[in-house]
Structure formats: structure tokens, C-alpha cells
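Quick note: numbers below take in every heavy atom, side chains included, and nothing from hydrogens, waters or symmetry partners. Letters go in sequence order (proteins before strands), and every chain restarts at 1.
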Amino acid sequence: MQQIEEIISGSVTEAIQSLYGRVCSPDQVQLQKTRREFEGDITLVVFPLLKISRKTPEQTASDIGEYLVRNHHEIKQYSIIKGFLNLVVHDSYYLKTLNNISSDKSYGIKTGADNGSGLHTGPYGGDMMHTGAEDQEPEIFMVEYSSPNTNKPLHLGHIRNNLLGYSVCNILKATGRRVIKTNLVNDRGIHICKSMLAWLRHGKGETPQSSGKKGDHLVGEYYVKFEQEYRSQISELIAGGQTQEDAERNAPLILEAQEMLRKWEAGDPEIMKLWRTMNEWVYEGFDETYRKLGVDFDKVYYESETWLKGKEIVLDGVKNQLFFKHHDGSVWVDLKPEGLDEKILLRSDGTSVYITQDIGTAQLRQEEYSPDKMIYVVGNEQNYHFKVLSIILEKLGFPWARSLHHLSYGMVELPEGRMKSREGIVVDADDLIAEMIQTAREMSRELGKLDGLPEGEKENICRIIGMGALKYYILKVDPVKNMTFNPRESIDFDGNTGAFIQYTYARIRSVFRKAEELGIAKPRNVSERIVLNRKEKNMLLLVHDFPSVIEDAARAYNPSLIANFTYELVREYNQFYHDFSILREKNTEKRNFRMALSEVVARVVRNNMGLLGIEMPERM
RNA sequence: GGUUCCGUAGCUCAGUUGGAUAGAGCAACAGCCUUCUAAGCUGUGGGUCGCGCGUUCGAAUCGCGCCGGAAUCACCA
């Protein structure tokens, strides 16, 4: 409600000045949307002003209401309920807004997000956002997301990560920031050695080509095989009298894997060759999953290329006495002054740990891109890690240390509880995607709505619906919260779902196809004298708010705000669609208005869903 | 045990600078298609906003203390 709120807020200040001869502070002028059950669009809460007016709430509200109606033609009338001054904004104001929006193809979107989801691009035409900031260099955001290990395929947790990261990037772009999407692939370490070892022992030369398996799944199978074998070795050792801990440390398989890691770090040609080969298989698999998910990256970092960098920085830190060495040669940082514990930075054998590598990568990113802000989309299980990382970078004196932001998101749980990869209770990303699309196919066949369309088009629509359902189901939830993934519910197409939103869009498109059939031209401009009904006004209010919702979502790194806003808008539209005719409206001015309104709603819906990475079907 | 996060209808979730009688969807039940797409719309029932105290004209929202759940505190990543 940016514009009108600014107008009203300004005139309330005026009113107070003129009525009571006092200046009030901006935070005393509290405006909000009028609740549904009362007449009005915007409500002024008068309680904070009573100290100034020294009158009753009713009298104060009445004074101000009177002033506003007299001095501002946008305000049509007012009513007072308790301490709430409800203001009715003139319909013509909203109609004017509609005309502005209609002619501004990039309404609410400052810079086109070139994500291939049909976002309207172009310069921002309106003047509702960021006034005065247009000349400044845009801020650069580097957003890291996905960051998989290369020993197994992507699962449901990665899906939330990828969708969140990708969507946040779109939203940031839409508010005019420059964004560099980045992925940090954990391609080295003990985990991949486990897969490699199991493959050497049992693989018999199996390749994706020879087996017809997707590369990441193939490698993942060997990882599972390793874990199984390792566990049975542990059991044997425990049966032989060892403690759990000793058994885990002494099992021959783990020793062999560790030996392999040492060889890798020493650059053993045989091991390197196998490592490259198996990682290549995984990348081909990942690429396919990313493509299906519709996410991509501008820059990919590999841990194997950055891990040494962190080591250098840490060793410098030792020289400068920021860190210290234990007798065994391991390097630590003391975080007790910060209320934390000591944290290891280099192992006693000199090899680097996870956080070492992250220090190096951060520095590398600064050298290459000098971003204003570095966002890490990483699960909340790593909250501690990122807290420590920030403190260490600050200790090291990097001026950009404070530009790190951990976009922490909650776990995805199944109705039965947490996913456990060791017990095979995981939702595989590829399986899930296939299942969603399959359900969309079955649903479409049942409803028969796509009958008669070419097979390819049908398939594409089902893909759009299935993926939309999945993406919406995940993105509508506030990132900070743990969420339950209920497979049955996720493929639901009723209610607050992606399909419901897509359906609304398809309906509007259908109206316009019909209009074309009937020879009804799209209106260019809408009369500003029309009397609006409740539904129409509600929608205009929402559309009017749209740019500020995107700003909020960008500020909070929270796509769910956009999802929920869009849901509210389409719910309103469906009620309107049910209660009123568009093309059959006899009054031409009204018909034109409703067409223009529908067109704008469709556009906002499409743009918003594009920010979530969700495509819109022309029919469904 | 320390730290951080979460707790709203049977279930999944909204509710964001503190504002009016806390909202949706799912599930259940009852209705609405000769019409621009019924993947829709309408209605009914369903709440100690985890509990308590405090701040305030006003608290789901802020503070403190409990209770419950999750994560984390590794020479794993």
C-alpha cells in the first residue's frame, strides 16, 4: 500500500500539526489495512496520538477523519470504531493505479530475472520503489546454495536448499541487486573415498554406460555398499570384545578409506584418475537433476581447488598469533572470549578440515567478485559452524567479515520422522520429481482437460504442474521452520497449492482466448469513474501492495512471503471469477475494467511464481 | 549439561515495525456446473495461540522463568 499510505501518513502529520499545533513522530502514525469485517481500506490507529490530542479516541479520530476528507480528494469517507479511524479510499485512486500498472510491464520487478520462467524484463517504469537510489551501483550478492557431496545423489533436503537458494536469487534480482549464484561442490574427502573403495572392491568395472544407471545413483549405491560392509565389520569387532568407538576406528575398511584419502592428497595418479572418473559420473547426474529442478549457477567452486587456500590463511594466522598449535601439531583457535570453545582448524597431520576450506573459499570469492554480501544457504544444523566462521574471519581482520550471512533453513522431515540415509529412509530427488509429474499426468487424464492436445504439449503441462506442486509445497513454508514433507499431501492439487495458483492463471488466459474468439479487444485504458465491488477492490489493494511484498521478501530472504501473498490474491480472484462475469458484462466500461484487472492479476501471479521458479501453464 | 531455533484448529501452515471478534488449506459434513475451465465457489463444526509472570491503553507478536521438541557443542562434512 506504499503510495497511498505515504499520502495518508503525510496528511495525518499535517492534520495533527494543524489541529493540535504539535509535531508528531512518524512512528506515532500507525497505518494498517482495514480488517475485512469493517468498511474501509486503510485504518489509522489513534491510540498513540491521544497524548498529543488530549481528547478521547473517538473525538481524535473524528478530528483527523474530518481533516483528511476535507483536504485530500483520495479519501472518500471515514468511520470510527473504538480507537480506529477507518478510511475509505476513492475508487478512482485504485483505477488510476490499475491504469499505471497496466502500462508498466515490469511493475514491481526492477530488473528482469533471466531465469527463463517468463519474467517480464526491462527497466522499472514506475516510481514506487527505491526512489533516489536509481543512480547508485547495485549491490552485489553472492549466494551459495546446493553445495552437494559427490558421493551420493541429491535428496529432499537438497531440494529445499536448491529451491530456496534459487528463489532468493530471483527475488534479490527483482529488487535490483546483482546476484552471483554459486555452488560449492564438496568433491574431495573421506566420503568420496568410501564410494571409490567400494567400487574398486565390488564394481567389476561397472559404469553408467554399462549399467544404464544415472551416474550419481551409481556412485551412491557404492557408498551405501561401503556403509553396510563397514557396519558389519564394526559388529564383528564389537563381538570380538572391542568398544563401539574402537571398532569404528579400527575396522579395516575405514583404515583403507583413510589410506586412500592420504594417497589422494599426495596426488597418487591411479587414485586421482578414479576420483576424476567417478566425480564426472556424479556431475552428469547432478546436472540432470538441476536441469529438472530448473536451477543453475553462475560460478561453481570445487573444494579440491580451494582447500589449500584456507590452509595458507590459517598458517598465517598462526604466525600472527591469532591461532595456536597443540603439541601434536594441530592448529586451534580459542573462542572462549566469545563464549564458545576451542575450534580445530588444521589436523595434526596438517590436513585441513571443513571450516579451513570455507575460510579459503570466502577469501577467494572476495578476490574474484568483491561482493557486498555473501549469502550461504545452508541447513540450520550448521548454525554453529557459520557463527564460528564469522568470528574467525573477523579475528583475521578481513574487512568483509561482516558481510557473511547464513541463510539457515529448517530440516525437512517425513511423517515418520527424520530422514536417515544410513537406514535408507531418504526421499531421492529424482524419484520425487518423477512421482510428482506422474501424479499430475494421472490427475490430468482423470479430469480429461488436456484431451485433444498434442502429446508433447500435454507432457509439458504435466511437468509444469508436477514441478509447480513440489516447489510451491516447499517454498510456501517459512525457511526457518522445520517442515514435514507428507508425500500424499504434497501431490495434492487442491487448496493452498501450486496447482491452485496455476489453475487461476490458466483460467485467466482462457478468458482472453475466449475474448479473442468473440472479437473483444483488450482495453488500453480503463475509465476511472467505475464503482468497484468488494472483490475488485480487494484485488486492487493486493496488486497495489505487490512491490512492497517483494521488498519484504528480499529483505528477509524469504520466498514464502511471496507464495502466501500470491495465494491470497488468487483466492480473491477465484471468488471474483465465480461471482461476476467478465466478458458477459453488459456495461462496456466495466467489462474493460475487469479485463484489465484480470490481465494485471495474471501478470502479477506469473511474475511472482517466476520468482519461486514455478512456471505457469496456458491451460490445464 | 551449555548455546541456538521452533511450539497457533485433529493434520499442514499464515498471521513481520505490538492493534479491533486469531485466519487459510487438508480431513469431516451439507450445498453450487445448459454460463469466461468445478484442479473452482459457498456454508457448518473445529482454538487455554505450550504454561506462568511481567511491560502496555492494548500481547499470538516484546521481556523473564518454566514445559515440550529439534539442531549443535568432533582431528565428520
Sugar-phosphate, base or nothing in reach of A/N486, heavy atoms under 4.0 Å: nothing

Sugar-phosphate, base or nothing in reach of A/R418, heavy atoms under 4.0 Å: sugar-phosphate

Touch class at under 4.0 angstrom, heavy-atom based, for A/I465 against every strand present: base

Sugar-phosphate, base or nothing in reach of A/N558, heavy atoms under 4.0 Å: base

Touch class at under 4.0 angstrom, heavy-atom based, for A/T351 against every strand present: nothing

Sugar-phosphate, base or nothing in reach of A/N86, heavy atoms under 4.0 Å: base

Sugar-phosphate only, base, or nothing, as touched by A/V353 at under 4.0 Å among non-hydrogen atoms: sugar-phosphate

Closest to side chain of A/K82, choosing from B/G19, B/G15, B/A20: B/A20

Touch class at under 4.0 angstrom, heavy-atom based, for A/P617 against every strand present: nothing

Sugar-phosphate only, base, or nothing, as touched by A/Y384 at under 4.0 Å among non-hydrogen atoms: sugar-phosphate

A/R571 side chain near B/G25 phosphate (N/O to OP1/OP2, under 4.0 Å): no

Touch class at under 4.0 angstrom, heavy-atom based, for A/F512 against every strand present: nothing

Polar contact flag, side-chain donor to acceptor under 3.5 angstrom, A/N460-A/R463: yes

Residue-phosphate contact under 4.0 Å: A/R507 side-chain N/O, B/A38 OP1/OP2: yes

A/E572 CD to B/G23 P, straight-line distance once rounded to whole Å: 15 Å

Short side-chain N/O contact from A/R584 to OP1 or OP2 of B/U35, under 4.0 Å: no

Integer-rounded Å distance: B/G23 P and A/N496 CG: 17 Å

A/F84 over B/G19, stacked by centroid distance under 5.5 Å, angle under 30°: no

